[in-house]
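First comes the structure, then the notes that go with it.
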Amino acid sequence: MSVMLELYRRRFGDRVDMSEGQVAGPCPFCGDADRFSMLPARFTGAGRVCTIHRVPGTYACRACGRTGDSLKYLTRAEGVAYSEACRMLGIAGRKED
């Protein structure tokens, strides 16, 4: 299971709906109950660092418009420091990346 998905499921528990590779549920940014979706295995749309290191996972909220990849999810939604997020994802990212 992806780190991003594991943390999301830990936060929202039974409010997370998983079907056919897509995850839906509450938005960790705006709190909307059902407009957030996550594709934990998707590479398309990932940022530079995740693309280089082949770290899958993207998310989007149709209510607040926030989008991103696994690295952005960890730093923005979970409040993890950039260097710690890189460590959690098993990549050697630098802030300049």
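Geometric assessment of R76 against the ring of F29 yields a negative cation-pi assignment under the 6.0 Å and 45° thresholds.
Residues M18 and F12 share a hydrophobic cluster, clusters being chains of Ile/Leu/Val/Met/Phe/Trp/Tyr side chains in contact below 4.5 Å.
Taking the side chain as every heavy atom from C-beta outward, Y8 and V23 approach each other to under 4.5 Å. Between P28 and F36 the shortest side-chain heavy-atom distance falls below 4.5 Å. The shortest side-chain heavy-atom distance between M88 and V80 falls under the 4.5 Å cut-off. Between C30 and C61, the closest side-chain pair of non-hydrogen atoms falls below 4.5 Å. When side chains are defined from C-beta on, M4 does not count as touching L71, because their heavy atoms never get closer than 4.5 Å. Contact check for P56 versus S70: no side-chain heavy atoms found under the 4.5 Å cut-off.
Rounded to the nearest 0.5 angstrom, D34 CG and C27 SG are separated by 11.0 Å. Taking NZ of K72 as the reference point, atom SG of C50 lies at 9.5 Å (rounded to 0.5 Å). Taking CZ of R35 as the reference point, atom SG of C64 lies at 10.5 Å (rounded to 0.5 Å).
Each salt bridge (Lys or Arg N to Asp or Glu O under 4.0 Å) pair with one or both residues in residues 4-14, not counting sequence neighbours, appears once here: E6-R10, R11-E78.
Of the possible donor and acceptor atoms, none in the side chain of D17 sits under 3.5 Å from a partner among the backbone N and O of A24. A donor-acceptor pair is defined here as one N or O able to donate and one able to accept, closer than 3.5 Å; no such pair exists between the side chain of S2 and the backbone of P40.
In this structure, the ring pair (Phe, Tyr, Trp, His ring centres under 6.0 Å) partners of Y73, at least two apart in sequence or on a different chain, are Y59. For L39, the side-chain contact (heavy atoms from CB on, under 4.5 Å) partners at least two apart in sequence or on another chain are Q22, R42, T58.
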- [ ] Take H53 and L89, measure what side-chain contact (heavy atoms from CB on, under 4.5 Å) needs, and give me the verdict at the end.
- [x] CA-CA 9 Å; H53 296 282; L89 295 171; over 6 Å; no
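Between D69 and G47 the shortest heavy-atom distance is OD2-N, 2.7 Å.
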